[in-house]
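Okay, structure first, notes after.
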Amino acid sequence: MNPYRHFIGVIEAALGAMQAAGELPAGLDFSALTAEPPRDAAHGDIATNAAMVLAKAAQKKPRDIADALLPRLKANPDVVDGSVAGPGFINLKLSDSFWRERLRECLKEGVAYGDSTMGGARKVNVEYVSANPTGPLHVAHARGAVVGDALANLLLKAGYAVTKEYYINDAGAQVDILGRSTFLRYKEALGDHIGTIPEGLYPGEYLKEVGAAIARRDGARWIDKPERDWLPEMRAFAIAFLMDEIKADLDTLGVRMDVYTSERALVEAGAVDRAFQELTRQDLIYSGRLEPPKGKKPDDWEDREQTLFRATKFGDEVDRPLKKSDGSWTYFSNDIANHYDKFRRGFADQIDVWGADHGGYVKRMKAAVKAITGGDGELDVKLCQLVRVMRNGELVRMSKRAGTFVTLRDLLDEVGPDVVRFTMLTRKNDAPFDFDLAKATEQSRDNPVWYVQYGHARIRSVLRKSSAAGIVVDGLDSAPLDRLGDAGELSLVRQIAQWPRQVEAAAAAHEPHRIAFYLYDLAAAFHAHWNRGGDEPALRFIVEEDTELTRARLALVQAIGFVIGSGLKVFGVTPVEEMR
RNA sequence: GUCCCCGUAGCUCAGCUGGAUAGAGCAUCAGUUUCCUAAACUGAGGGCCACAGGUUCGAAUCCUGUCGGGGACGCCA
């Protein structure tokens with residue numbers, strides 16, 4: 001249960017009763033009403049702005065409304081005290097037993113604690129990674145992969161029907177370049193001296209393997225053929241080869257897509273024509289001229305009549321071209337088809353995770369989705385800012401294999417998937433991120449991954465020790481939780497009870513990074529309480545002469561472990577049993 | 001030239017879609033180990049929330065402008 005959502009219901013009921021009694025006018029809008037934990041715990045457990053939000057519409061002073069509302073809220077059996085403060089806040093103190101019941105819920109539900117029905121099983125499509133199949137994944141892809149995957153998991157936990165999708169850009173000029181680059185490496189594999197890679201082809205050494213593989217398969221059969229014969233072969237082979245590699249990297253990272261959509265297949269199936277027809281039907285396409293682009297020099301700019309989409313009607317800066325000068329579709333056209341296709345597959349709610357270099361593309365894609373779905377579809381775009389890989393403050397520039405950038409594989413080999421995933425999620429997606437290899441594996445409070453995992457390891461350690469001492473650690477949900485009376489213990493109980501709310505808030509905002517900060521705070525509170533047992537042995541979890549008290553405390557410890565496990569599950573990180 | 005993101009403690013960052021006296025870690029200083037992992041914990045100092053207006057009961061948060069940093073801008077994807 002999300003206690004705060006629960007209490008909004010309680011408050012609304014009390015306000016309804018006031019309306020029925022004529023103390024408030026009918027027809028008030030309750031949508032701005034909040035119930036949240038006050039910043040200062042001394043104020044109580046729940047603060048509501050109800051009186052202030054309603055004052056204007058009700059034509060009453062906030063404090064008068066609050067004074068009338070307070071006794072009605074105090075009548076709730078879970079409320080033990082309450083007061084009106086400041087400009088009209090109502091602060092409520094809830095009974096310890098109310099919070100202990102939340103703890104019991106957690107113990108019963110295990111890592112499923114925090115699961116929400118907020119999403120109402122609504123279908124959501126999260127498209128992420130979607131890297132071009134022209135080379136290995138690098139760090140920027142890693143960030144997108146981790147953010148997208150965690151966001152998808154988070155929405156899953158919040159009760160949405162989520163599909164994880166990868167859109168393969170296997171059409172267009174860049175895969176032709178890939179095909180030609182592969183052909184060069186193919187010749188090389190057959191003994192040719194190819195010299196330096198010509199301008200305009202991919203220089204990365206990773207293509208050597210691809211060329212060698214196709215040479216093994218096909219021998220010399222392409223070597224004297226014209227390009228039109230070998231290009232489709234080279235292209236298809238390289239794409240398949242590199243996609244396998246990408247999938248393997250993602251698999252190591254713990255990312256498993258539900259759907260891979262091929263741009264080429266979409267085009268061939270007529271999806272672009274269908275989207276084009278739909279936009280035409282809505283009269284959103286016309287022929288016109290565009291201003292030359294500003295900034296960069298338009299060296300080969302030609303002013304010409306173009307097929308344009310009325311993006312400006314939906315909030316974009318200019319109308320956008322759908323066809324290239326040779327008459328073929330632009331990437332934008334294909335991508336409209338992609339999003340339209342997703343809509344037709346039942347996804348009104350769509351989320352794309354992109355790199356920051358696609359920032360200029362957001363408005364037009366949102367405009368297109370709004371347009372082609374007749375306003376029924378909604379696209380949210382999460383832009384991931386640059387990632388720089390550092391080692392002790394020094395910038396790490398490139399990998400040996402790819403030549404120009406640090407690959408995801410390098411990162412995985414060095415620090416492992418769990419560290420990559422958690423660390424990438426300790427920052428908002430729209431802020432740049434320096435990934436420090438030394439810090440990521442450091443064992444200190446400065447490293448959130450380690451700190452949270454250490455908390456979990458301590459929890460497992462206590463439970464192991466108790467078990468070895470003959471205390472039953474099964475069925476802790478029936479432990480006598482009312483034996484938990486210490487202020488530190490009750491504070492931890494309250495913090496555990498925040499978890500369902502954190503899940504819902506992070507899911508609603510599409511911000512998985514919030515989970516990382518919550519887990520860090522929870523771990524900090526746990527470590528602090530742990531150390532109090534040093535000064536006051538009576539507070540230790542295991543009290544040999546009192547089995548029931550011990551079981552109550554172990555229940556608390558286990559619940560914290562469940563919540564950490566639950567959060568790490570969203571992140572796709574495995575909780576550790578012990579530190580080594 | 002236009003658009004997008006960012007600007008919070010010396011450093012790295014949070015700040016729960018507008019709430020009460022702005023929070024963590026690092027660094028600095030001072031403490032805590034016969035104890036379930038001290039790889040931890042406790043305390044102190046440190047702020048004109050870039051700047052200037054506006055919106056209202058109330059602004060780090062929303063709107064406008066300025067400054068500063070990053071990114072993007074037809075026929076690439």
Side-chain angles (χ1 to χ4, degrees), chain A residues 4 32 34 36-40 43 47 49 52-53 55-56 61-62 85-89 91 130 132 134 169 171-175 177 263 290-296 298 300-304 306 308 316-318 320-321 323-326 328 330-332 334-335 355-363 383 385-386 426-428 430-434 436 439 442-448 450-451 454-455 457-459 461-466 469 498 501-502 505-506 508-509 511 513-514 516-518 520-521 524 527-537 540-542 557 578-579:
Chain A
Y4 304 91
T34 61
E36 40 186 30
R39 199 194 305 263
D40 186 346
H43 289 141
N49 62 357
M52 290 176 292
V53 171
K56 191 175 256 181
K61 286 183 193 159
F89 283 103
N91 294 318
S130 294
N132 296 341
T134 54
N169 297 137
Q174 94 282 359
V175 286
I177 294 172
E263 179 184 4
L290 286 178
E291 295 285 305
K294 312 276 187 187
K296 210 167 36 180
D300 58 344
W301 167 264
E302 51 164 330
D303 187 29
R304 66 175 178 94
Q306 302 198 85
L308 300 171
D316 201 0
E317 264 60 57
V318 292
R320 303 292 181 176
K323 285 186 177 176
K324 304 179 195 170
S325 50
D326 64 1
S328 63
T330 57
Y331 177 80
F332 181 46
N334 290 359
D335 213 10
D357 54 339
H358 287 58
Y361 194 68
V362 174
K363 278 193 175 181
L383 282 187
Q385 289 293 330
L386 210 72
T426 56
R427 175 109 1 137
K428 285 181 296 204
D430 49 14
F433 184 36
D434 287 350
D436 195 304
K439 191 165 270 183
E442 185 180 278
Q443 302 189 336
S444 79
R445 183 167 188 168
D446 196 22
N447 177 3
W450 178 85
Y451 189 69
Y454 183 38
R458 277 184 154 175
I459 286 165
S461 164
V462 175
L463 293 174
R464 276 195 303 271
K465 226 149 215 155
S466 310
Q498 302 296 311
R501 177 173 179 273
Q502 292 289 339
E511 290 182 353
H513 75 274
R514 290 192 198 179
F517 287 91
Y518 169 77
Y520 182 84
D521 287 344
H527 287 307
H529 189 70
W530 174 292
N531 273 73
R532 286 182 66 206
D535 297 333
E536 301 172 64
R540 288 181 203 166
F541 301 122
I542 300 169
V557 169
E578 56 187 331
M579 307 304 287

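Scope of the values below: all heavy atoms of this structure, side chains included, with no hydrogens, waters or symmetry mates. Just so it is clear: chains get the letters A, B, ... in the order the sequence lines come, proteins before strands, and each one is counted from 1.
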#### Entry: A/Leu383 CG to B/C6 P, straight-line distance once rounded to whole Å
10 Å
### Task
Considering only atom P, compute the distance from B/A52 to B/C67 and round it to an integer number of Å.
15 Å
### Task
Grab the CG-C1' distance between A/Leu386 and B/U12 for me, whole Å please.
17 Å
### Message
Any side-chain N or O of A/Lys363 below 4.0 angstrom from OP1/OP2 of B/C4?
### Response
yes
#### Entry: Under 3.5 Å donor-acceptor, A/Gln174 side chain and A/Asn169 backbone
yes
### Message
Let me check I have this right: for RNA chain B, each base becomes ., (, ), [, ] or |, based on Watson-Crick or G-U pairs with both distances under 3.5 Å. What is the full string?
### Response
(((((((..((((.....[...)))).(((((.......))))).....(((((..]....))))))))))))....
### Task
Tell me which nucleotide among B/C57, B/A14, B/C41 gets nearest to the side chain of A/Ala431.
B/A14
### Message
Categorize A/Gly359 for me: base, sugar-phosphate, or nothing, with a 4.0 angstrom heavy-atom threshold over every strand shown.
### Response
nothing
### Task
Tell me which nucleotide among B/G25, B/C36, B/U37 gets nearest to the side chain of A/Phe541.
B/C36
### Query
Ignoring hydrogens and geometry, is there a side-chain-to-backbone donor-acceptor pair from A/Arg540 to A/Gly533 under 3.5 Å?
yes
### Message
Distance check, C1' atoms only: B/C73 and B/A27, in whole angstrom units.
### Response
42 Å
### Task
Keeping the roles fixed (side chain from A/Asn49, backbone from A/Thr34), state whether a donor-acceptor pair exists under 3.5 Å.
yes
### Query
Among B/A77, B/U12, B/U42, which nucleotide sits nearest the side chain of A/Ala528?
B/U42
### Query
When you compare B/G25 with B/C41, how far apart are their C1' atoms, in angstrom units rounded to a whole number?
15 Å
### Message
For the backbone of A/Lys363 and the side chain of A/Asp316, can you confirm whether one donor and one acceptor N or O come within less than 3.5 Å of each other?
### Response
no
### Query
Between B/C76, B/C6, B/U37, which nucleotide has the shortest distance from any of its atoms to the side chain of A/Asp430?
B/C6
### Task
Return yes if some donor-acceptor pair links the side-chain N/O of A/Ser328 with the main-chain N/O of A/Lys324 below 3.5 Å, else return no.
no
### Task
Describe the nucleic acid contact of A/Ala55 in one word from base, sugar-phosphate, nothing, applying a heavy-atom distance below 4.0 Å.
nothing
### Query
Within the structure shown, what part of the strands sits under 4.0 Å from A/His513 by heavy-atom distance: base, sugar-phosphate, or nothing?
sugar-phosphate
### Message
By nearest heavy atom, map A/Asn169 and A/Arg532 onto RNA chain B; which one lands nearer the 5' end?
### Response
A/Arg532
### Message
Regarding A/Tyr331, tell me which of base, sugar-phosphate or nothing describes its non-hydrogen contacts under 4.0 Å with the strands shown.
### Response
base
### Query
Just checking A/Ala171: base, sugar-phosphate only, or nothing, at a heavy-atom cut-off of under 4.0 Å?
sugar-phosphate
### Query
Does a donor on one side chain and an acceptor on the other come within less than 3.5 Å for A/His527 and A/Arg458?
yes
### Query
Heavy atoms under 4.0 Å, any strand shown: does A/Asn91 hit a base, just sugar-phosphate, or nothing?
base
Between N or O atoms, less than 3.5 Å apart, protein on one side and nucleotides 16-19 of chain B on the other: list the pairs.
| unit_1 | atom_1 | unit_2 | atom_2 | d |
| --- | --- | --- | --- | --- |
| B/C16 | O2' | A/Arg514 | NH1 | 3.4 |
| B/C16 | O2 | A/Arg501 | NH1 | 2.8 |
| B/C16 | O2 | A/Arg501 | NH2 | 3.0 |

### Task
Taking atom P in both B/A50 and B/C13, compute the distance separating them and give it to the nearest angstrom.
15 Å
### Query
Of the nucleotides B/G15, B/C26, B/C75, which one has an atom closest to the side chain of A/Lys428?
B/G15
### Query
In whole Å, what is the span from the CD atom of A/Glu536 to the P atom of B/C35?
18 Å
### Message
When you compare the side chain of A/Tyr518 with that of A/His513, does any pair of heavy atoms fall below 4.5 Å?
### Response
no
### Query
What distance, rounded to whole Å, do you find between the two P atoms, one in B/C6 and one in B/C16?
13 Å
### Query
What integer number of Å spans the C1' atoms of B/U17 and B/A59?
13 Å
### Query
Contact class for A/Lys56 vs. all strands (heavy atom < 4.0 Å): base, sugar-phosphate, or nothing?
sugar-phosphate
### Task
For B/U28, measure the glycosidic angle (O4'-C1'-N9-C4 for a purine, O4'-C1'-N1-C2 for a pyrimidine) and name it syn if it falls within 90° of 0, otherwise anti.
anti
### Task
Mind calculating the distance between CD1 (A/Ile459) and P (B/C36) to the nearest angstrom?
17 Å
### Query
With rounding to whole Å, what would you report as the distance between B/U66 and B/G7 at their C1' atoms?
14 Å
### Task
Could you check how far CD of A/Gln174 sits from C1' of B/A77, rounded to whole Å?
5 Å
### Task
May I ask you to say what A/Leu290 touches in the nucleic acid, namely base, sugar-phosphate or nothing, with a heavy-atom cut-off under 4.0 Å?
nothing
### Task
Considering only atom C1', compute the distance from B/A9 to B/C49 and round it to an integer number of Å.
11 Å
### Value in whole Å for how far the P atom of B/A14 lies from CZ of A/Arg445
17 Å
### Steps toward side-chain contact (heavy atoms from CB on, under 4.5 Å) verdict (A/Val462, A/Trp530)
CA-CA 11 Å; A/Val462 175; A/Trp530 174 292; 3.4 Å; yes
### Summary
Rounding to 0.5 Å, atoms OH (A/Tyr454) and CE (A/Met579) come to a distance of 8.0 Å
### Exercise: do A/Asp430 and A/Gln385 side chains pair donor with acceptor under 3.5 Å
no
### Summary
Separation of B/C6 atom P from A/Asp357 atom CG, nearest Å, is 17 Å
### Task
May I have the distance from A/Glu578 (atom CD) to B/U37 (atom P), rounded to whole angstrom?
11 Å
### Query
For the side chain of A/Trp450, counting heavy atoms from C-beta on, which of B/A14, B/A40, B/A77 is nearest?
B/A40
### Query
Are OP1 or OP2 of B/G15 and a side-chain N or O of A/Arg427 less than 4.0 angstrom apart?
no
### Given B/C3, B/A24, B/A77, the nucleotide with the shortest approach to the side chain of A/Tyr520
B/A24
### Query
For the side chain of A/Tyr454, counting heavy atoms from C-beta on, which of B/A40, B/A77, B/C36 is nearest?
B/A40
### Message
Is it the case that atom NZ in A/Lys439 sees more than 12 heavy atoms from other parts of the structure closer than 6.0 Å?
### Response
no
### Task
Identify whether any heavy atom of A/Gly172 sits under 4.0 Å from a base atom; if not, whether one sits that close to sugar-phosphate; answer base, sugar-phosphate or nothing.
sugar-phosphate
### Summary
Rounded to the nearest 0.5 angstrom, the OG1-CZ distance for A/Thr426 and A/Phe517 is 6.0 Å
### Query
Under 3.5 Å, is there an N or O donor on one side and an acceptor on the other linking the side chain of A/Asn132 and the base of B/A77?
no
### Message
Does the structure place the NZ or CZ of A/Arg501 under 6.0 Å from the centre of the six-membered ring of A/Tyr4, at an angle of no more than 45° from the ring's axis?
### Response
yes
